[in-house]
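Below: the structure, in structure tokens.
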Amino acid sequence: MRKKTWYTLLALLVVAAGYWLETKGVDRESYLEQLHVDWGGNTSKNDTIYQDGSHFLPSSTTGQIIHHKGYSLSYSEPHEQAEWVAYKLEKEHLSGVDYKRPYFEMDDAVISGSAHWRNYKDSGYDRGHLCPAADRKFSKEAFTETFLTSNVSPQEHQFNSGIWNRLEQKVRFWASRYDGVYVVTGGILKEIDITIGEEQVAVPKQFYKIVLDYNSGNPKVIAFLIPHEESDKPLYDFVVSVDSLEVISGIDFFSSMDDDVENRIEAFEKWENWHF
DNA sequence: CTGACTTAC
DNA sequence: GTAAGTCAG
């Protein structure tokens, strides 16, 4: 074959590979069906419990619950961020491609308007993902969707890239190990001392994360409450009960769950059942 | 992985 | 605004 032919074939291969990477992951149809059904279409359906045990949305203290395709959130306008972000992390979600990070955008679904990214500019704080970008890498659409300011809290870089990052990686490990987990996460929006930007985005003093394993036999839950500062301590040092987290945050986390199950798992503060 | 920043078009 | 490359925890 002549050189020119080789180059042509090579170019075609590159284009094909690019297209493949672009569309790789769960295809759009099943992606939408899976995620949308899991979390329901609107707030009024939150008291429904699906047979597969999904749909564990927390209560909203702000009355503004928003459902995106890849996650749901409750937006607190006074704090210009979500009080919680909830999503289901499937085992299959984990395989993915490295997408280029897009720019953060405002969330049009937030009626009152979510924070502008300029609030974070030169603030010294990271735009810290609540639903991590790495948890939505199964499609470019899902990945991009995490770059909304409604999915972001001001975080110190040392914290975000440190212990918080460690926790997020642990959640992905659990999702793989336990065949999928439910995640609820956010900052504690109480006793705010520091705000950033013109819109006064609140800087939480603590961040929490709740992980629910509803797939491997007996449901089990683990909750973390971590001070907004870098720490070298092991993650299990920050385990708390869901009950205490509900008191601190004012949010009812598993209100749609069977009371029996809810009462059984929420009081637990033990982490021995979880692999670290 | 988690990010910000700079430079080019 | 988009794209690509660099740098840092």
Round to a whole Å and report the spacing from [atom1] of [X] to [atom2] of [N].
X	N	atom1	atom2	answer
A:Y120	B:dA4	OH	C1'	15 Å
A:Q155	B:dG3	CD	P	7 Å
A:W117	B:dA4	CH2	C1'	13 Å
A:R136	B:dT2	CZ	P	13 Å
A:N119	B:dA4	CG	P	14 Å
A:F104	C:dG1	CZ	P	16 Å
A:H228	B:dT2	NE2	C1'	13 Å
A:E156	B:dA4	CD	P	14 Å

### Message
With a 6.0 Å cut-off (strictly less than), is the heavy-atom count around CG of A:D108, excluding the residue itself, greater than 12?
### Response
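Result for CG/A:D108: open.
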
Check the interface with nucleotides 5-9 of chain C: list each N/O to N/O pair with the protein under 3.5 Å, or write none.
unit_1, atom_1, unit_2, atom_2, d
C:dG9, O3', A:Q158, OE1, 2.4

#### Entry: is_close_aromatic(A:F253, A:W84), centroid dist under 6.0 Å
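Aromatic pair excluded; centres sit 6.0 Å or further apart.
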
### Task
For residues A:Y182 and A:F56, establish whether the separation of their ring centroids is below 6.0 Å.
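Under 6.0 Å, so yes.
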
### Query
What is the nucleic acid contact for A:R127, judged by heavy atoms within less than 4.0 Å: base, sugar-phosphate only, or nothing?
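A:R127: backbone/sugar contact only, no base atoms under 4.0 Å.
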
### Query
Heavy atoms under 4.0 Å, any strand shown: does A:D135 hit a base, just sugar-phosphate, or nothing?
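Here A:D135 touches no strand at all.
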
May I ask you to decide if the ring planes of [X] and [Y] are parallel, tilted or perpendicular, using 30° and 60° as cut-offs?
X	Y	value
A:F147	A:F104	tilted
A:W274	A:Y178	perpendicular
A:W164	A:F207	tilted

### A:Y125 to A:P154 - nearest heavy-atom pair and separation
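It is CB-CB, 4.1 Å.
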
### Query
A:Y103 side chain: which of C:dT2, B:dC5, B:dT2 is closest?
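Side chain of A:Y103 sits closest to C:dT2.
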
### Query
In residues 167-175 of chain A, what residues come within less than 4.0 Å of DNA chain B, judged by heavy atoms?
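Those residues are A:E168, A:R172.
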
### Query
Can any side-chain N or O of A:N151 pair as donor or acceptor with the backbone N or O of A:T146 at less than 3.5 Å?
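Side chain of A:N151 to backbone of A:T146: a pair is present.
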
#### Entry: Main-chain N/O of A:V240 paired with A:S244 side-chain donor or acceptor, under 3.5 Å
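No, because the side chain of A:S244 does not come within donor-acceptor range (under 3.5 Å) of the backbone of A:V240.
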
### Query
Of A:D98 and A:Y125, whose nearest nucleotide on DNA chain B comes first from the 5' end?
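Nearer the 5' end of the strand: A:D98.
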
